[in-house]
Amino acid sequence: MRTLLYITLLCTCGLAQLQAQSARELIDETAAAVGGMDALHTLKDVSFTYENYRGKSEERYIFDGEVSWGKSVMKDGKTRIQFFDGEQVKVWIDGKETTDEKALESALFSRKTNYYWLAMIQKLSDPGLVYTKV
């Protein structure tokens, strides 16, 4: 994520500007480039696909109701679907719901964490954060 933030900063600001601006100004510009909190609040449904060393995952967030859904293929080739509605987490492996505690804990962590990263740039605008430019 650090790399993504850096690339975003480079794309939204010139290198010369980066040297002259304060850390707060850089964060504010980055958040404005993605529409800020207002743009985040207008979202109703977000879906995207990404790939990493574990494979390919589909993600979906429905803001009305705080639903987080994810579908991925595990290392053993099985399809896993995770669902979290803000209160309960559910997991299906190859279409069969599981009650495995480890799978449910992993899903709860993933559903909350992935949402956190989705909204990271907007959250950096929180007035309670203190920035230092190094």
Side-chain angles (χ1 to χ4, degrees):
M1 186 63 189
R2 189 179 293 165
T3 302
L4 177 60
L5 181 58
Y6 184 68
I7 290 170
T8 303
L9 287 171
L10 287 177
C11 291
T12 59
C13 310
L15 284 174
Q17 276 184 306
L18 284 175
Q19 298 301 323
Q21 290 178 300
S22 72
R24 183 76 219 192
E25 289 170 328
L26 291 171
I27 294 299
D28 289 345
E29 258 188 48
T30 302
V34 296
M37 287 302 282
D38 290 337
L40 183 64
H41 289 149
T42 63
L43 298 175
K44 303 294 181 217
D45 191 350
V46 175
S47 60
F48 57 92
T49 302
Y50 69 90
E51 292 186 49
N52 61 23
Y53 68 94
R54 291 186 203 142
K56 188 174 183 178
S57 294
E58 297 174 45
E59 295 288 329
R60 187 165 182 207
Y61 300 98
I62 302 169
F63 291 93
D64 182 22
E66 300 298 319
V67 173
S68 173
W69 177 92
K71 179 180 177 182
S72 59
V73 177
M74 300 185 307
K75 289 180 182 179
D76 61 6
K78 294 181 180 178
T79 299
R80 175 183 57 199
I81 295 177
Q82 299 174 331
F83 174 87
F84 179 61
D85 64 4
E87 294 180 22
Q88 290 187 320
V89 65
K90 294 185 179 190
V91 178
W92 293 266
I93 298 176
D94 280 344
K96 184 177 180 194
E97 188 172 356
T98 182
T99 57
D100 178 71
E101 197 64 33
K102 188 175 178 183
L104 293 171
E105 287 174 8
S106 175
L108 183 60
F109 176 80
S110 295
R111 296 298 91 226
K112 287 183 175 185
T113 304
N114 287 356
Y115 175 76
Y116 178 83
W117 287 115
L118 173 71
M120 173 55 74
I121 292 176
Q122 289 89 344
K123 289 179 180 192
L124 288 173
S125 296
D126 187 294
L129 293 175
V130 177
Y131 303 100
T132 303
K133 187 175 175 185
V134 185

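Just so it is clear, the structure is predicted and the values come from calculations on it, not from any experiment.
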- Query: Should V89 and Q82 count as side-chain neighbours, where that means a heavy-atom distance under 4.5 Å?
  - Reply: no
- Might you point out which heavy atoms bring I121 and A31 nearest each other, and give the distance in Å? CG2-CA, 3.7 Å
- Task: Check the hydrophobic clustering (I, L, V, M, F, W, Y; side-chain heavy atoms under 4.5 Å; chains of links allowed) and say if I93 and F109 are grouped together.
- Result: no
- Item | Heavy-atom check, side chain of H41 versus side chain of F63, under 4.5 Å | no
- Do L43 and M37 share a hydrophobic cluster, counting only Ile, Leu, Val, Met, Phe, Trp and Tyr and linking them when any side-chain heavy atoms are less than 4.5 Å apart? yes
- What distance do I62 atom CD1 and D85 atom CG have between them, rounded to the nearest 0.5 Å? 11.0 Å
- Is M120 reachable from L129 through a run of I, L, V, M, F, W or Y residues, each pair having side-chain heavy atoms under 4.5 Å apart? yes
- Item | Heavy-atom side-chain contact between E59 and R111 under 4.5 Å | yes
- Message: Rounded to the nearest 0.5 Å, what separates atom CD1 in I81 from atom NZ in K90?
- Response: 13.0 Å
- So, the side chain of S106 versus the backbone of K102: is there a donor-acceptor pair under 3.5 Å, distance only? no
- Message: If hydrophobic clusters are built by linking Ile, Leu, Val, Met, Phe, Trp and Tyr wherever their side-chain heavy atoms come under 4.5 Å apart, do L104 and L108 end up in the same one?
- Response: yes
- Query: More than 12 non-hydrogen atoms from neighbouring residues, nucleotides or ligands closer than 6.0 Å to CZ on R24, yes or no?
  - Reply: yes
- Message: Would you say NZ of K123 has more than 12 non-hydrogen atoms from neighbouring residues, nucleotides or ligands within 6.0 angstrom?
- Response: yes
- Give the cluster check for Y50 versus Y115: same hydrophobic cluster or not, with ILVMFWY residues linked at side-chain heavy-atom distances below 4.5 Å. yes
- Query: Looking at CH2 of W92 and NZ of K71, how far apart are the two atoms once the value is rounded to the nearest 0.5 Å?
  - Reply: 12.5 Å
- Please examine the side chains of N114 and F84, heavy atoms only from C-beta on, and report whether any two atoms are closer than 4.5 Å. no
- Message: Could you check whether any side-chain heavy atom of V73 comes within less than 4.5 Å of a side-chain heavy atom of K56, counting everything from C-beta outward?
- Response: no
- Considering only heavy atoms from C-beta outward, does the side chain of F48 approach that of L118 to under 4.5 Å? yes
- Between the NZ atom in K96 and the OG1 atom in T98, the distance rounded to the nearest 0.5 Å is 8.0 Å
- What is the minimum heavy-atom distance between A39 and V34, and which atoms define it? CB-O, 3.7 Å
- Message: Ignoring hydrogens, what is the shortest heavy-atom contact between A107 and V91? Give both atom names and the distance.
- Response: CB-CG2, 3.4 Å
- Message: Just verifying a value: how many Å separate E51 CD and S57 OG, rounded to the nearest 0.5 Å?
- Response: 9.0 Å
